[in-house]
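The structure under discussion appears below in the form of structure tokens.
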Amino acid sequence: MLESVTQSMFLSNTMVCDPLMSWTELSGTTKDDYATCDHQKDSYTFWTSIHPEYWSKHNVCEWLQFCCDQYKLDANCISFSRFNINGLQLCNMTQEDFLDAAGIYGEYLYFILQNIRMHGISFFTDAEETKKYILNSCLLPIQDLQNSHLWEFVRDLLLSPEKNGGILEWEDRGQGIFRVVKSEALAKMWGQKKKNDRMTYEKLSRALRYYYKTGILERVDRRLVYKFGKNAHGWQENKI
DNA sequence: AGCGCCTTTCCTGCTT
DNA sequence: AAAGCAGGAAAGGCGC
């Protein structure tokens with residue numbers, strides 16, 4: 001399933017990946033990008049240039065580090081001891097194995113690995129491109145892993161009613177008008193994401209008000225009610 | 001090193 | 001009276 005999904009998505013975007021290009025050509029295009037990365041500068045050019053099947057234990061570790069860096073994953077959620085294995089063993093891990101070893105990131109890491117095996121590392125050097133693919137896939141929402149902006153956090157909470165526990169609700173779905181139902185709960189959740197237990201709705205709302213200036217939000221003259229502006233995206237139905 | 005962006009923190013005054 | 005709103009000011013964090 002994963003293969004067919006990613007393959008079709010992959011082939012549909014010739015800018016990211018020309019199917020005629022070889023794996024080595026693809027990975028070669030990224031070498032320079034990572035030569036500028038001061039973190040593990042020396043090793044990037046090595047592990048990205050070989051197939052995952054041939055990675056050493058060290059390379060596997062570097063790959064995990066790369067994923068954490070690139071997608072802002074919380075390394076504490078990943079059991080690194082479970083990944084003290086070589087590339088061949090890594091490639092033999094099932095999706096369930098990944099879930100066991102990396103919790104909420106398991107499915108995601110599995111997805112990344114399978115795509116690197118198929119298409120090379122360049123597939124994942126552009127976080128924005130990767131995000132598009134994940135959003136179009138049936139994987140867990142990548143915004144949970146990546147998005148750091150407050151308005152995106154709010155948007156994604158609105159888009160996941162099963163997760164927001166009635167904290168936010170749409171007032172007018174079509175116009176992008178929504179209401180903050182539990183203000184302090186929202187602040188607490190935002191604080192959790194930012195690892196800041198001093199967050200309050202008072203402060204969060206100040207940040208929201210700054211969005212009026214940039215057109216991310218529009219003012220609605222009602223208490224606890226906000227509206228997405230013309231510069232907000234991704235909140236409309238049937239539109240990503 | 002420095003700059004810009006996005007908050008975070010704090011504050012005063014105002015409104016509901 | 002309590003909670004929310006409006007923004008100014010300044011500082012922090014982080015990516016480039």
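Reminder, nothing fancy here: chain letters follow the sequence lines and each chain counts from 1.
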*Length of the line joining L186(A):CG and dG4(C):P, which is rounded to integer Å*: 11 Å
*asked:* Please compare M199(A) and E202(A) by the position of their nearest nucleotide in DNA chain B and report the one closer to 5'.
replied: M199(A)
*Going by atom types alone, do N84(A) and S81(A) pair a side-chain donor with an acceptor below 3.5 Å?*
no
Can you name the atoms? Protein N/O to nucleotides 14-16 of chain B N/O, anything below 3.5 Å, with the distance.
unit_1	atom_1	unit_2	atom_2	d
dT16(B)	O2	R223(A)	NH2	2.9

*Compare side-chain N and O positions of W190(A) against OP1 and OP2 of dT7(B) and report whether any pair is under 4.0 Å apart.*
no
*In whole angstroms, how far is the P atom of dG4(C) from the NZ atom of K182(A)?*
14 Å
_Check the phosphate of dT9(B) against K203(A), side-chain N and O only, distance under 4.0 Å to OP1 or OP2. Yes or no?_
yes
*Can you tell me how far the NZ atom of K182(A) sits from the CG atom of L186(A), to the nearest 0.5 Å?*
11.5 Å
*Ion pair present between R117(A) and E53(A), side-chain N to carboxylate O less than 4.0 angstrom?*
yes
_Under-4.0 Å salt bridge between R222(A) and E171(A)_ = yes
*With hydrophobic residues grouped by side-chain heavy-atom distances under 4.5 Å, do I177(A) and L158(A) end up in a single group?*
no
*Based on Watson-Crick and G-U pairs with both distances under 3.5 Å, what dot-bracket line describes DNA chain C 5' to 3', crossing pairs as [ ] and inter-strand pairs as |?*
.|||||||||||||||
*Taking only N and O in the side chain of R222(A), is any of them less than 4.0 Å away from OP1 or OP2 of dC5(C)?*
no
_Pair H58(A) and W63(A), ring centroids less than 6.0 Å apart_ = no
_In this structure, how many angstroms lie between the P atom of dT8(B) and the OH atom of Y201(A), rounded?_
14 Å
*Could you label the plane-to-plane angle of the F178(A) and W170(A) rings as parallel, tilted or perpendicular, counting under 30° as parallel and over 60° as perpendicular?*
perpendicular
_Tell me whether the rings of F98(A) and F83(A) are parallel (<30°), tilted (30 to 60°) or perpendicular (>60°)._
tilted
*Would you please classify the geometry between the Y108(A) ring and the F111(A) ring as parallel, tilted or perpendicular, with 30° and 60° separating the classes?*
parallel
*Would you indicate, yes or no, if dG4(C) has its OP1 or OP2 atom less than 4.0 angstrom from a side-chain nitrogen or oxygen of S183(A)?*
yes
*Just checking, any donor-acceptor pair under 3.5 angstrom between side chains of E62(A) and N59(A)?*
yes
All N/O contacts under 3.5 Å from nucleotides 8-11 of chain C to the protein, with atom names and distances to one decimal?
unit_1	atom_1	unit_2	atom_2	d
dG8(C)	N7	R206(A)	NH2	3.0
dG8(C)	O6	R206(A)	NE	2.8
dA9(C)	N6	Y210(A)	OH	3.2

*Phosphate OP1/OP2 of dG12(C) contacted by N196(A) side-chain N/O (<4.0 Å)*: no
_Ring geometry between W190(A) and F153(A) (parallel below 30°, tilted from 30 to 60°, perpendicular above 60°)_ = tilted
*Is the shortest side-chain N/O distance from K194(A) to OP1 or OP2 of dT8(B) below 4.0 Å?*
yes
*Identify whether any heavy atom of L204(A) sits under 4.0 Å from a base atom; if not, whether one sits that close to sugar-phosphate; answer base, sugar-phosphate or nothing.*
nothing
